[in-house]
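Structure record follows, encoded as C-alpha coordinates.
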2 protein chains.
Amino acid sequence: MTPKFKAAAARRTSRVAADHRERSFDVAYRKLRELIVRGRLSPGSRVVEADIARRLEISRTPVRSALHRLQQEGYVVAYRTTRQARLAVAPLTKEDSRELYWIVGHIEGLAGRLLAQQDEASRAHVVERLLASNAELSKLAEGGSGDPSRIFDLDMGFHQVLVDSAAGPRLSAIHAAIKPQTERYWRLYASAITDQLGKSVEEHAHIIEAIERGDADAAERAIQLNWQLGAERLARVIESLGERGSW
Amino acid sequence: MTPKFKAAAARRTSRVAADHRERSFDVAYRKLRELIVRGRLSPGSRVVEADIARRLEISRTPVRSALHRLQQEGYVVAYRTTRQARLAVAPLTKEDSRELYWIVGHIEGLAGRLLAQQDEASRAHVVERLLASNAELSKLAEGGSGDPSRIFDLDMGFHQVLVDSAAGPRLSAIHAAIKPQTERYWRLYASAITDQLGKSVEEHAHIIEAIERGDADAAERAIQLNWQLGAERLARVIESLGERGSW
DNA sequence: GAATCCGCGATTGTATACAAAAAAGGAGCG
DNA sequence: CGCTCCTTTTTTGTATACAATCGCGGATTC
(Lines give C-alpha, C1' and ligand atoms only; values in the text may rest on other atoms or scores of the structure.)
Protein backbone atom coordinates (compact mmCIF):
# COMPACT_ATOMS: atom_id res chain seq x y z
CA MET A 1 0.00 0.00 0.00
CA THR A 2 1.53 3.31 -1.02
CA PRO A 3 1.87 6.00 1.62
CA LYS A 4 -0.32 8.26 -0.43
CA PHE A 5 -3.16 5.78 -0.55
CA LYS A 6 -2.81 5.05 3.11
CA ALA A 7 -3.02 8.72 3.99
CA ALA A 8 -6.13 9.18 1.87
CA ALA A 9 -7.79 6.18 3.47
CA ALA A 10 -6.97 7.46 6.91
CA ARG A 11 -8.46 10.82 6.13
CA ARG A 12 -11.64 9.27 4.80
CA THR A 13 -12.17 7.13 7.87
CA SER A 14 -11.47 10.03 10.14
CA ARG A 15 -14.18 11.98 8.42
CA VAL A 16 -16.78 9.21 8.40
CA ALA A 17 -16.26 6.86 11.32
CA ALA A 18 -15.22 8.88 14.32
CA ASP A 19 -11.61 8.40 15.22
CA HIS A 20 -11.96 7.81 18.93
CA ARG A 21 -8.71 9.41 19.87
CA GLU A 22 -9.37 11.74 22.73
CA ARG A 23 -7.58 14.93 23.61
CA SER A 24 -5.04 14.46 26.36
CA PHE A 25 -6.56 17.05 28.60
CA ASP A 26 -9.94 15.36 28.37
CA VAL A 27 -8.34 12.09 29.36
CA ALA A 28 -6.46 13.79 32.16
CA TYR A 29 -9.65 15.43 33.41
CA ARG A 30 -11.55 12.17 33.39
CA LYS A 31 -8.82 10.15 35.05
CA LEU A 32 -8.06 12.76 37.67
CA ARG A 33 -11.70 13.14 38.55
CA GLU A 34 -11.93 9.40 38.87
CA LEU A 35 -8.91 9.30 41.14
CA ILE A 36 -10.39 11.97 43.38
CA VAL A 37 -13.90 10.56 43.45
CA ARG A 38 -12.72 7.08 44.26
CA GLY A 39 -10.49 8.39 47.01
CA ARG A 40 -7.20 7.25 45.47
CA LEU A 41 -6.16 10.87 45.93
CA SER A 42 -6.91 11.59 49.57
CA PRO A 43 -8.96 14.64 50.49
CA GLY A 44 -6.60 17.39 51.57
CA SER A 45 -3.55 15.92 49.93
CA ARG A 46 -1.48 18.16 47.72
CA VAL A 47 -1.75 17.97 43.97
CA VAL A 48 1.44 18.64 42.05
CA GLU A 49 1.31 19.08 38.31
CA ALA A 50 4.53 17.30 37.58
CA ASP A 51 3.55 14.29 39.69
CA ILE A 52 0.24 13.90 37.90
CA ALA A 53 1.95 14.34 34.56
CA ARG A 54 4.39 11.57 35.35
CA ARG A 55 1.62 9.36 36.63
CA LEU A 56 -0.47 9.79 33.49
CA GLU A 57 2.58 9.81 31.23
CA ILE A 58 1.76 13.08 29.52
CA SER A 59 3.21 16.56 29.74
CA ARG A 60 2.21 19.20 32.26
CA THR A 61 0.24 21.24 29.74
CA PRO A 62 -2.90 19.09 29.48
CA VAL A 63 -2.67 18.38 33.20
CA ARG A 64 -2.86 22.11 33.83
CA SER A 65 -5.99 22.42 31.74
CA ALA A 66 -7.61 19.55 33.58
CA LEU A 67 -6.68 20.97 36.97
CA HIS A 68 -8.10 24.37 36.11
CA ARG A 69 -11.40 22.77 35.30
CA LEU A 70 -11.37 20.58 38.39
CA GLN A 71 -10.61 23.61 40.47
CA GLN A 72 -13.51 25.53 39.02
CA GLU A 73 -15.85 22.63 39.64
CA GLY A 74 -14.69 22.23 43.22
CA TYR A 75 -12.87 18.92 43.20
CA VAL A 76 -9.63 20.73 43.84
CA VAL A 77 -9.01 23.87 45.86
CA ALA A 78 -6.19 26.41 45.96
CA TYR A 79 -5.04 26.73 49.53
CA ARG A 80 -2.64 29.55 48.78
CA THR A 81 -3.96 32.12 46.38
CA THR A 82 -1.11 34.47 45.70
CA ARG A 83 0.54 34.53 42.35
CA GLN A 84 1.46 30.88 42.52
CA ALA A 85 -1.44 28.67 43.50
CA ARG A 86 -0.91 25.49 45.43
CA LEU A 87 -3.61 22.95 44.84
CA ALA A 88 -5.03 20.26 47.08
CA VAL A 89 -7.83 17.75 46.77
CA ALA A 90 -10.93 19.35 48.25
CA PRO A 91 -11.55 18.03 51.77
CA LEU A 92 -14.78 16.30 52.69
CA THR A 93 -16.56 18.20 55.42
CA LYS A 94 -20.00 18.10 56.92
CA GLU A 95 -20.68 21.69 55.94
CA ASP A 96 -19.64 21.13 52.35
CA SER A 97 -21.72 17.99 52.03
CA ARG A 98 -24.73 19.84 53.34
CA GLU A 99 -24.39 22.67 50.83
CA LEU A 100 -23.60 20.29 48.00
CA TYR A 101 -26.64 18.08 48.52
CA TRP A 102 -28.82 21.11 49.09
CA ILE A 103 -27.76 22.69 45.79
CA VAL A 104 -28.03 19.51 43.79
CA GLY A 105 -31.47 18.91 45.22
CA HIS A 106 -32.64 22.34 44.15
CA ILE A 107 -31.03 22.13 40.71
CA GLU A 108 -32.68 18.81 40.00
CA GLY A 109 -35.86 20.09 41.57
CA LEU A 110 -35.94 22.82 38.94
CA ALA A 111 -35.46 20.23 36.23
CA GLY A 112 -38.31 18.21 37.68
CA ARG A 113 -40.50 21.28 37.72
CA LEU A 114 -39.87 21.86 34.04
CA LEU A 115 -40.46 18.22 33.33
CA ALA A 116 -43.82 18.18 35.08
CA GLN A 117 -44.88 21.15 32.98
CA GLN A 118 -44.32 19.35 29.70
CA ASP A 119 -47.21 17.87 27.75
CA GLU A 120 -48.56 14.51 28.73
CA ALA A 121 -47.04 12.57 25.86
CA SER A 122 -43.50 13.63 26.72
CA ARG A 123 -44.07 13.00 30.37
CA ALA A 124 -45.41 9.50 29.73
CA HIS A 125 -42.26 8.66 27.82
CA VAL A 126 -40.02 9.86 30.63
CA VAL A 127 -42.12 8.20 33.30
CA GLU A 128 -41.60 4.92 31.54
CA ARG A 129 -37.86 5.26 31.71
CA LEU A 130 -37.98 6.36 35.33
CA LEU A 131 -40.11 3.38 36.27
CA ALA A 132 -37.72 1.00 34.57
CA SER A 133 -34.77 2.56 36.33
CA ASN A 134 -36.46 2.46 39.70
CA ALA A 135 -37.56 -1.14 39.19
CA GLU A 136 -33.94 -2.18 38.89
CA LEU A 137 -33.10 -0.34 42.06
CA SER A 138 -36.00 -2.00 43.81
CA LYS A 139 -34.75 -5.39 42.73
CA LEU A 140 -31.35 -4.65 44.24
CA ALA A 141 -32.96 -3.39 47.43
CA GLU A 142 -34.95 -6.60 47.88
CA GLY A 143 -32.06 -8.82 46.98
CA GLY A 144 -30.00 -7.06 49.58
CA SER A 145 -27.06 -7.69 47.31
CA GLY A 146 -24.85 -4.74 47.42
CA ASP A 147 -22.40 -3.71 44.80
CA PRO A 148 -22.41 -0.06 45.89
CA SER A 149 -20.99 1.15 42.61
CA ARG A 150 -23.84 -0.46 40.75
CA ILE A 151 -26.34 1.12 43.12
CA PHE A 152 -24.80 4.52 42.71
CA ASP A 153 -24.76 4.25 38.94
CA LEU A 154 -28.41 3.26 38.88
CA ASP A 155 -29.43 6.05 41.21
CA MET A 156 -27.34 8.48 39.21
CA GLY A 157 -29.02 7.27 36.05
CA PHE A 158 -32.46 7.86 37.52
CA HIS A 159 -31.65 11.45 38.33
CA GLN A 160 -29.89 11.95 35.02
CA VAL A 161 -33.09 11.12 33.19
CA LEU A 162 -34.82 13.96 35.00
CA VAL A 163 -32.23 16.48 33.89
CA ASP A 164 -31.71 15.23 30.37
CA SER A 165 -35.37 15.28 29.49
CA ALA A 166 -36.23 18.74 30.70
CA ALA A 167 -33.33 21.04 31.53
CA GLY A 168 -31.86 23.54 29.09
CA PRO A 169 -28.19 23.56 28.20
CA ARG A 170 -27.15 25.87 31.02
CA LEU A 171 -28.92 24.01 33.78
CA SER A 172 -27.60 20.74 32.41
CA ALA A 173 -24.07 22.09 32.42
CA ILE A 174 -24.30 23.23 36.02
CA HIS A 175 -25.74 19.91 37.01
CA ALA A 176 -23.06 17.97 35.18
CA ALA A 177 -20.39 20.01 36.92
CA ILE A 178 -21.51 19.53 40.51
CA LYS A 179 -23.60 16.37 40.66
CA PRO A 180 -20.70 13.89 40.29
CA GLN A 181 -19.17 15.35 43.42
CA THR A 182 -21.84 13.71 45.52
CA GLU A 183 -20.19 10.41 44.70
CA ARG A 184 -17.23 11.38 46.88
CA TYR A 185 -19.52 11.46 49.90
CA TRP A 186 -21.59 8.52 48.79
CA ARG A 187 -18.52 6.34 49.00
CA LEU A 188 -18.12 7.23 52.65
CA TYR A 189 -21.18 5.28 53.59
CA ALA A 190 -21.33 2.89 50.70
CA SER A 191 -21.41 -0.08 53.06
CA ALA A 192 -24.25 1.31 55.13
CA ILE A 193 -26.37 2.11 52.13
CA THR A 194 -28.07 -1.12 51.22
CA ASP A 195 -30.52 -1.05 54.09
CA GLN A 196 -31.40 2.54 53.22
CA LEU A 197 -31.97 1.72 49.59
CA GLY A 198 -35.59 0.79 50.07
CA LYS A 199 -36.40 4.26 51.35
CA SER A 200 -34.75 5.84 48.35
CA VAL A 201 -36.82 3.67 46.01
CA GLU A 202 -39.92 4.86 47.81
CA GLU A 203 -38.92 8.49 47.45
CA HIS A 204 -38.33 7.94 43.75
CA ALA A 205 -41.82 6.56 43.46
CA HIS A 206 -43.20 9.80 44.85
CA ILE A 207 -41.20 11.76 42.30
CA ILE A 208 -42.50 9.65 39.44
CA GLU A 209 -46.05 9.97 40.61
CA ALA A 210 -45.86 13.76 40.81
CA ILE A 211 -44.43 13.98 37.32
CA GLU A 212 -47.08 11.66 35.99
CA ARG A 213 -49.76 13.91 37.47
CA GLY A 214 -48.05 16.95 35.98
CA ASP A 215 -47.87 18.54 39.39
CA ALA A 216 -44.84 20.82 39.14
CA ASP A 217 -44.76 21.91 42.76
CA ALA A 218 -45.05 18.38 44.05
CA ALA A 219 -42.38 17.13 41.68
CA GLU A 220 -39.94 19.82 42.75
CA ARG A 221 -40.63 19.18 46.42
CA ALA A 222 -40.31 15.41 46.06
CA ILE A 223 -36.93 15.73 44.40
CA GLN A 224 -35.70 18.19 46.99
CA LEU A 225 -36.90 15.89 49.71
CA ASN A 226 -35.08 12.93 48.21
CA TRP A 227 -31.82 14.84 48.35
CA GLN A 228 -32.50 16.30 51.74
CA LEU A 229 -33.11 12.89 53.23
CA GLY A 230 -30.01 11.63 51.49
CA ALA A 231 -28.05 14.44 53.08
CA GLU A 232 -29.41 13.51 56.49
CA ARG A 233 -28.55 9.86 56.05
CA LEU A 234 -25.09 10.98 55.03
CA ALA A 235 -24.76 13.35 57.99
CA ARG A 236 -25.50 10.56 60.40
CA VAL A 237 -22.79 8.42 58.88
CA ILE A 238 -20.28 11.26 58.93
CA GLU A 239 -21.18 11.88 62.54
CA SER A 240 -20.54 8.28 63.46
CA LEU A 241 -17.25 8.30 61.62
CA GLY A 242 -16.08 11.14 63.80
CA GLU A 243 -15.73 13.59 60.97
CA ARG A 244 -12.15 13.09 60.04
CA GLY A 245 -11.36 15.58 57.30
CA SER A 246 -8.98 13.28 55.52
CA TRP A 247 -8.32 9.61 55.60
CA MET B 1 0.18 37.73 67.86
CA THR B 2 3.45 35.98 68.53
CA PRO B 3 6.66 37.56 67.29
CA LYS B 4 7.16 34.59 65.03
CA PHE B 5 3.94 35.11 63.15
CA LYS B 6 4.31 38.85 63.09
CA ALA B 7 7.73 38.73 61.55
CA ALA B 8 6.71 36.17 59.00
CA ALA B 9 3.61 38.12 58.11
CA ALA B 10 5.56 41.35 57.78
CA ARG B 11 8.06 39.76 55.50
CA ARG B 12 5.36 38.29 53.36
CA THR B 13 3.34 41.46 53.03
CA SER B 14 6.37 43.61 52.38
CA ARG B 15 7.43 41.34 49.58
CA VAL B 16 3.97 40.97 48.08
CA ALA B 17 2.96 44.57 48.46
CA ALA B 18 6.11 45.64 46.70
CA ASP B 19 4.94 44.27 43.37
CA HIS B 20 1.29 43.29 43.30
CA ARG B 21 1.52 41.79 39.86
CA GLU B 22 -1.38 39.75 38.58
CA ARG B 23 -1.10 36.48 36.74
CA SER B 24 -1.40 36.90 33.01
CA PHE B 25 -4.23 34.45 32.65
CA ASP B 26 -6.25 36.31 35.25
CA VAL B 27 -5.72 39.51 33.34
CA ALA B 28 -6.61 37.78 30.10
CA TYR B 29 -9.77 36.34 31.64
CA ARG B 30 -10.85 39.69 32.98
CA LYS B 31 -10.12 41.61 29.80
CA LEU B 32 -11.68 39.02 27.53
CA ARG B 33 -14.81 38.85 29.62
CA GLU B 34 -14.99 42.60 29.50
CA LEU B 35 -14.62 42.61 25.72
CA ILE B 36 -17.41 40.07 25.36
CA VAL B 37 -19.75 41.65 27.87
CA ARG B 38 -19.37 45.09 26.37
CA GLY B 39 -19.95 43.75 22.90
CA ARG B 40 -16.54 44.67 21.52
CA LEU B 41 -16.37 41.03 20.50
CA SER B 42 -19.58 40.44 18.61
CA PRO B 43 -21.80 37.51 19.56
CA GLY B 44 -21.15 34.68 17.15
CA SER B 45 -17.80 35.95 16.00
CA ARG B 46 -14.90 33.54 16.00
CA VAL B 47 -12.32 33.66 18.75
CA VAL B 48 -8.80 32.78 17.71
CA GLU B 49 -6.15 32.24 20.35
CA ALA B 50 -3.34 33.83 18.42
CA ASP B 51 -5.40 36.94 17.66
CA ILE B 52 -6.29 37.45 21.30
CA ALA B 53 -2.70 36.83 22.32
CA ARG B 54 -1.49 39.51 19.91
CA ARG B 55 -4.19 41.89 21.05
CA LEU B 56 -3.32 41.48 24.72
CA GLU B 57 0.41 41.24 24.00
CA ILE B 58 0.95 37.98 25.83
CA SER B 59 1.58 34.43 24.69
CA ARG B 60 -1.10 31.90 23.78
CA THR B 61 -0.68 29.92 26.99
CA PRO B 62 -2.51 32.21 29.41
CA VAL B 63 -5.05 33.00 26.70
CA ARG B 64 -5.85 29.32 26.50
CA SER B 65 -6.44 29.14 30.23
CA ALA B 66 -8.73 32.12 30.11
CA LEU B 67 -10.67 30.73 27.15
CA HIS B 68 -11.19 27.39 28.86
CA ARG B 69 -12.73 29.14 31.80
CA LEU B 70 -14.86 31.41 29.65
CA GLN B 71 -16.06 28.39 27.74
CA GLN B 72 -17.05 26.58 30.89
CA GLU B 73 -18.93 29.61 32.13
CA GLY B 74 -20.75 30.05 28.85
CA TYR B 75 -19.32 33.26 27.45
CA VAL B 76 -17.70 31.31 24.67
CA VAL B 77 -18.94 28.20 22.90
CA ALA B 78 -17.26 25.52 20.81
CA TYR B 79 -19.14 25.32 17.55
CA ARG B 80 -17.19 22.33 16.29
CA THR B 81 -16.45 19.75 18.89
CA THR B 82 -14.11 17.29 17.28
CA ARG B 83 -10.55 16.97 18.41
CA GLN B 84 -9.82 20.59 17.61
CA ALA B 85 -12.36 22.96 19.05
CA ARG B 86 -13.23 26.15 17.25
CA LEU B 87 -14.48 28.81 19.60
CA ALA B 88 -16.96 31.62 19.08
CA VAL B 89 -18.49 34.27 21.30
CA ALA B 90 -21.75 32.84 22.61
CA PRO B 91 -24.67 34.28 20.64
CA LEU B 92 -27.45 36.19 22.35
CA THR B 93 -30.76 34.43 21.83
CA LYS B 94 -34.19 34.72 23.33
CA GLU B 95 -34.08 31.12 24.57
CA ASP B 96 -30.74 31.55 26.23
CA SER B 97 -31.77 34.77 27.93
CA ARG B 98 -34.86 33.08 29.29
CA GLU B 99 -32.91 30.18 30.79
CA LEU B 100 -30.19 32.47 32.08
CA TYR B 101 -32.52 34.82 33.92
CA TRP B 102 -34.57 31.90 35.17
CA ILE B 103 -31.52 30.21 36.66
CA VAL B 104 -30.08 33.36 38.19
CA GLY B 105 -33.46 34.14 39.70
CA HIS B 106 -33.61 30.75 41.34
CA ILE B 107 -30.01 30.81 42.53
CA GLU B 108 -30.45 34.18 44.14
CA GLY B 109 -33.82 33.08 45.41
CA LEU B 110 -32.09 30.31 47.32
CA ALA B 111 -29.65 32.81 48.77
CA GLY B 112 -32.58 34.99 49.83
CA ARG B 113 -34.23 32.01 51.46
CA LEU B 114 -31.13 31.33 53.53
CA LEU B 115 -30.86 34.97 54.38
CA ALA B 116 -34.42 35.19 55.63
CA GLN B 117 -33.75 32.23 57.90
CA GLN B 118 -30.89 33.93 59.70
CA ASP B 119 -31.36 35.48 63.09
CA GLU B 120 -32.84 38.93 63.37
CA ALA B 121 -29.62 40.74 64.17
CA SER B 122 -27.87 39.53 61.03
CA ARG B 123 -30.91 40.29 58.94
CA ALA B 124 -31.17 43.81 60.29
CA HIS B 125 -27.59 44.48 59.29
CA VAL B 126 -28.17 43.24 55.76
CA VAL B 127 -31.48 45.05 55.43
CA GLU B 128 -29.69 48.27 56.20
CA ARG B 129 -27.27 47.76 53.36
CA LEU B 130 -30.04 46.73 50.99
CA LEU B 131 -32.05 49.84 51.85
CA ALA B 132 -29.05 52.07 51.23
CA SER B 133 -28.41 50.41 47.90
CA ASN B 134 -32.01 50.67 46.83
CA ALA B 135 -32.21 54.29 47.91
CA GLU B 136 -29.46 55.16 45.46
CA LEU B 137 -31.29 53.36 42.71
CA SER B 138 -34.46 55.19 43.61
CA LYS B 139 -32.66 58.51 43.36
CA LEU B 140 -31.47 57.65 39.88
CA ALA B 141 -34.97 56.55 38.90
CA GLU B 142 -36.49 59.84 39.97
CA GLY B 143 -33.77 61.92 38.44
CA GLY B 144 -34.33 60.12 35.19
CA SER B 145 -30.64 60.54 34.61
CA GLY B 146 -29.38 57.51 32.93
CA ASP B 147 -25.85 56.32 32.97
CA PRO B 148 -26.84 52.70 32.28
CA SER B 149 -23.51 51.36 33.51
CA ARG B 150 -24.03 53.04 36.85
CA ILE B 151 -27.54 51.65 37.07
CA PHE B 152 -26.34 48.17 36.28
CA ASP B 153 -23.57 48.35 38.84
CA LEU B 154 -25.96 49.49 41.52
CA ASP B 155 -28.50 46.81 40.71
CA MET B 156 -25.72 44.25 40.60
CA GLY B 157 -24.51 45.46 43.97
CA PHE B 158 -27.96 45.05 45.47
CA HIS B 159 -28.16 41.44 44.38
CA GLN B 160 -24.58 40.81 45.39
CA VAL B 161 -25.39 41.74 48.97
CA LEU B 162 -28.02 39.01 49.03
CA VAL B 163 -25.56 36.35 47.93
CA ASP B 164 -22.59 37.50 49.95
CA SER B 165 -24.43 37.60 53.23
CA ALA B 166 -26.06 34.20 53.07
CA ALA B 167 -24.80 31.81 50.43
CA GLY B 168 -22.13 29.23 51.08
CA PRO B 169 -18.98 29.02 48.98
CA ARG B 170 -20.43 26.72 46.35
CA LEU B 171 -23.58 28.70 45.74
CA SER B 172 -21.53 31.88 45.62
CA ALA B 173 -19.19 30.38 43.07
CA ILE B 174 -22.04 29.31 40.80
CA HIS B 175 -23.59 32.72 41.13
CA ALA B 176 -20.33 34.48 40.37
CA ALA B 177 -19.87 32.38 37.27
CA ILE B 178 -23.23 32.98 35.64
CA LYS B 179 -24.60 36.22 37.01
CA PRO B 180 -22.27 38.56 35.08
CA GLN B 181 -23.58 37.11 31.86
CA THR B 182 -26.84 38.91 32.35
CA GLU B 183 -24.96 42.12 31.65
CA ARG B 184 -24.60 41.07 28.02
CA TYR B 185 -28.36 41.15 27.63
CA TRP B 186 -28.83 44.16 29.84
CA ARG B 187 -26.78 46.21 27.44
CA LEU B 188 -29.20 45.38 24.67
CA TYR B 189 -31.88 47.50 26.23
CA ALA B 190 -29.73 49.82 28.27
CA SER B 191 -31.39 52.83 26.67
CA ALA B 192 -34.91 51.63 27.36
CA ILE B 193 -34.18 50.84 30.96
CA THR B 194 -34.52 54.13 32.77
CA ASP B 195 -38.29 54.23 32.61
CA GLN B 196 -38.43 50.64 33.92
CA LEU B 197 -36.12 51.43 36.78
CA GLY B 198 -38.92 52.54 39.08
CA LYS B 199 -40.57 49.15 38.86
CA SER B 200 -37.33 47.43 39.73
CA VAL B 201 -36.93 49.63 42.79
CA GLU B 202 -40.41 48.63 43.87
CA GLU B 203 -39.64 44.95 43.44
CA HIS B 204 -36.51 45.38 45.51
CA ALA B 205 -38.62 46.92 48.26
CA HIS B 206 -40.72 43.76 48.37
CA ILE B 207 -37.58 41.66 48.68
CA ILE B 208 -36.30 43.76 51.54
CA GLU B 209 -39.58 43.63 53.34
CA ALA B 210 -39.79 39.84 53.14
CA ILE B 211 -36.26 39.48 54.47
CA GLU B 212 -36.99 41.88 57.28
CA ARG B 213 -40.00 39.80 58.26
CA GLY B 214 -37.87 36.66 58.08
CA ASP B 215 -40.34 35.12 55.65
CA ALA B 216 -38.20 32.70 53.65
CA ASP B 217 -40.84 31.69 51.14
CA ALA B 218 -41.82 35.27 50.42
CA ALA B 219 -38.19 36.33 50.04
CA GLU B 220 -37.44 33.57 47.59
CA ARG B 221 -40.57 34.31 45.58
CA ALA B 222 -39.90 38.05 45.52
CA ILE B 223 -36.40 37.55 44.19
CA GLN B 224 -37.57 35.09 41.58
CA LEU B 225 -40.28 37.51 40.55
CA ASN B 226 -37.80 40.34 40.18
CA TRP B 227 -35.76 38.31 37.74
CA GLN B 228 -38.78 36.94 35.97
CA LEU B 229 -40.12 40.41 35.33
CA GLY B 230 -36.68 41.48 34.22
CA ALA B 231 -36.64 38.62 31.76
CA GLU B 232 -40.01 39.69 30.41
CA ARG B 233 -38.94 43.30 30.00
CA LEU B 234 -35.89 41.99 28.20
CA ALA B 235 -37.93 39.67 25.99
CA ARG B 236 -40.07 42.59 24.82
CA VAL B 237 -36.99 44.55 23.85
CA ILE B 238 -35.46 41.59 22.03
CA GLU B 239 -38.76 41.09 20.23
CA SER B 240 -38.82 44.69 19.08
CA LEU B 241 -35.23 44.48 17.92
CA GLY B 242 -36.17 41.61 15.65
CA GLU B 243 -33.96 39.11 17.37
CA ARG B 244 -30.82 39.43 15.39
CA GLY B 245 -28.30 36.97 16.72
CA SER B 246 -25.40 39.35 16.26
CA TRP B 247 -25.04 43.07 15.90
C1' DG C 1 -19.50 22.59 -15.71
C1' DA C 2 -19.76 19.89 -11.38
C1' DA C 3 -17.95 16.77 -8.23
C1' DT C 4 -13.92 15.11 -6.08
C1' DC C 5 -9.36 15.10 -4.58
C1' DC C 6 -5.23 17.22 -3.16
C1' DG C 7 -2.26 20.44 -0.95
C1' DC C 8 -1.39 24.34 1.67
C1' DG C 9 -2.30 27.87 5.07
C1' DA C 10 -4.61 28.58 9.41
C1' DT C 11 -5.55 27.03 13.95
C1' DT C 12 -5.59 24.18 17.83
C1' DG C 13 -3.27 20.67 21.03
C1' DT C 14 1.11 19.03 23.23
C1' DA C 15 5.80 19.11 24.80
C1' DT C 16 9.55 21.45 26.53
C1' DA C 17 12.55 25.26 27.96
C1' DC C 18 12.88 29.01 30.81
C1' DA C 19 11.58 32.53 34.47
C1' DA C 20 9.68 33.57 38.89
C1' DA C 21 8.23 32.60 43.22
C1' DA C 22 7.22 29.85 47.29
C1' DA C 23 8.89 26.56 50.53
C1' DA C 24 12.51 23.94 52.66
C1' DG C 25 16.78 23.62 54.75
C1' DG C 26 21.10 25.16 56.89
C1' DA C 27 24.69 28.29 58.79
C1' DG C 28 25.45 31.93 61.92
C1' DC C 29 24.12 34.63 65.79
C1' DG C 30 22.03 35.60 70.09
C1' DC D 1 17.39 26.30 71.62
C1' DG D 2 15.19 29.93 68.77
C1' DC D 3 15.43 33.46 65.44
C1' DT D 4 17.04 35.49 61.09
C1' DC D 5 19.08 35.61 56.87
C1' DC D 6 20.66 33.30 52.92
C1' DT D 7 21.02 29.46 49.70
C1' DT D 8 18.99 25.58 47.46
C1' DT D 9 15.14 22.94 45.87
C1' DT D 10 10.58 22.41 44.47
C1' DT D 11 6.75 24.02 42.06
C1' DT D 12 4.01 27.07 39.40
C1' DG D 13 3.39 30.47 35.39
C1' DT D 14 4.83 31.94 30.70
C1' DA D 15 6.85 31.64 26.21
C1' DT D 16 7.95 29.11 22.34
C1' DA D 17 8.71 25.17 19.30
C1' DC D 18 6.59 21.41 17.24
C1' DA D 19 2.80 18.18 15.83
C1' DA D 20 -1.85 17.25 14.41
C1' DT D 21 -5.86 18.55 12.24
C1' DC D 22 -9.21 21.43 10.15
C1' DG D 23 -10.97 24.00 6.23
C1' DC D 24 -10.68 26.29 2.09
C1' DG D 25 -9.54 26.92 -2.69
C1' DG D 26 -7.54 25.45 -6.80
C1' DA D 27 -6.47 21.62 -9.88
C1' DT D 28 -8.09 17.47 -12.09
C1' DT D 29 -11.16 14.38 -14.15
C1' DC D 30 -15.24 12.89 -16.42
Side-chain angles (χ1 to χ4, degrees), chain A residues 2-31 45-71 76-88, chain B residues 1-29 31 45-71 76-88:
Chain A
T2 74
K4 219 175 182 177
F5 193 92
K6 211 161 73 177
R11 186 161 333 123
R12 217 169 305 132
T13 54
S14 80
R15 205 187 304 174
V16 178
D19 195 341
H20 279 354
R21 251 163 45 196
E22 229 175 333
R23 287 121 100 202
S24 294
F25 74 85
D26 283 332
V27 179
Y29 169 79
R30 206 162 29 76
K31 289 192 177 177
S45 68
R46 278 211 50 192
V47 177
V48 176
E49 287 180 4
D51 294 347
I52 307 291
R54 266 192 299 275
R55 188 164 180 169
L56 302 184
E57 296 182 317
I58 53 178
S59 83
R60 276 179 51 215
T61 310
V63 174
R64 277 183 71 75
S65 301
L67 285 177
H68 269 114
R69 184 167 166 196
L70 289 166
Q71 184 183 355
V76 161
V77 294
Y79 68 92
R80 283 286 191 272
T81 172
T82 41
R83 254 181 292 182
Q84 278 194 172
R86 300 292 156 114
L87 301 181
Chain B
M1 189 184 270
T2 72
K4 190 169 159 185
F5 284 154
K6 208 163 77 177
R11 187 171 43 209
R12 214 172 315 144
T13 53
S14 74
R15 204 186 303 176
V16 168
D19 53 347
H20 189 294
R21 253 165 41 197
E22 225 176 336
R23 286 122 100 204
S24 294
F25 74 84
D26 282 332
V27 179
Y29 169 79
K31 289 191 176 176
S45 69
R46 276 210 48 190
V47 176
V48 176
E49 287 181 5
D51 293 349
I52 307 290
R54 267 192 298 276
R55 188 164 179 170
L56 302 184
E57 296 181 320
I58 54 178
S59 84
R60 276 178 52 212
T61 309
V63 174
R64 276 181 71 76
S65 301
L67 285 178
H68 269 114
R69 181 167 169 196
L70 289 166
Q71 183 184 354
V76 161
V77 293
Y79 68 92
R80 285 286 190 271
T81 173
T82 40
R83 258 177 289 180
Q84 277 194 170
R86 298 292 155 111
L87 300 181

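Below, chains carry the letters A, B, ... as their sequence lines are ordered, and counting in each starts from 1.
- Nearest heavy atom pair, residue B:Ala28 against residue B:Ile58, reads CB-CD1, 4.0 Å.
- Figure legend: cation-pi geometry between B:Arg86 and B:Tyr79 absent, as NZ or CZ is not positioned both under 6.0 Å from the six-membered ring centre and within 45° of its axis.
- Qualifying ring-ring contact (aromatic ring centres under 6.0 Å, His included) partners for A:Phe25, counting only residues two or more places apart in sequence or in other chains: B:His68.
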Intra- and inter-strand pairs of DNA chain C in dot-bracket (Watson-Crick or G-U wobble, both distances under 3.5 Å; | for another strand): ||||||||||||||||||||||||||||||
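- Separating the OG atom in A:Ser59 from the CZ atom in A:Arg54 is a distance of 12.5 Å, to the nearest 0.5 Å.
- Atom-to-atom distance recorded for A:Ser24:OG and A:Glu57:CD is 11.5 Å, nearest 0.5 angstrom.
- With a 4.5 Å cut-off on side-chain heavy atoms, B:Val27 and B:Leu56 do not count as touching.
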Sugar-phosphate or base contact per nucleotide [nucleotides 7-18 of chain D; S, B, -; heavy atom under 4.0 Å]: ----BBBBBB--
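- Environment of CZ in B:Arg46: crowded, with over 12 heavy atoms of neighbouring residues, nucleotides or ligands closer than 6.0 Å.
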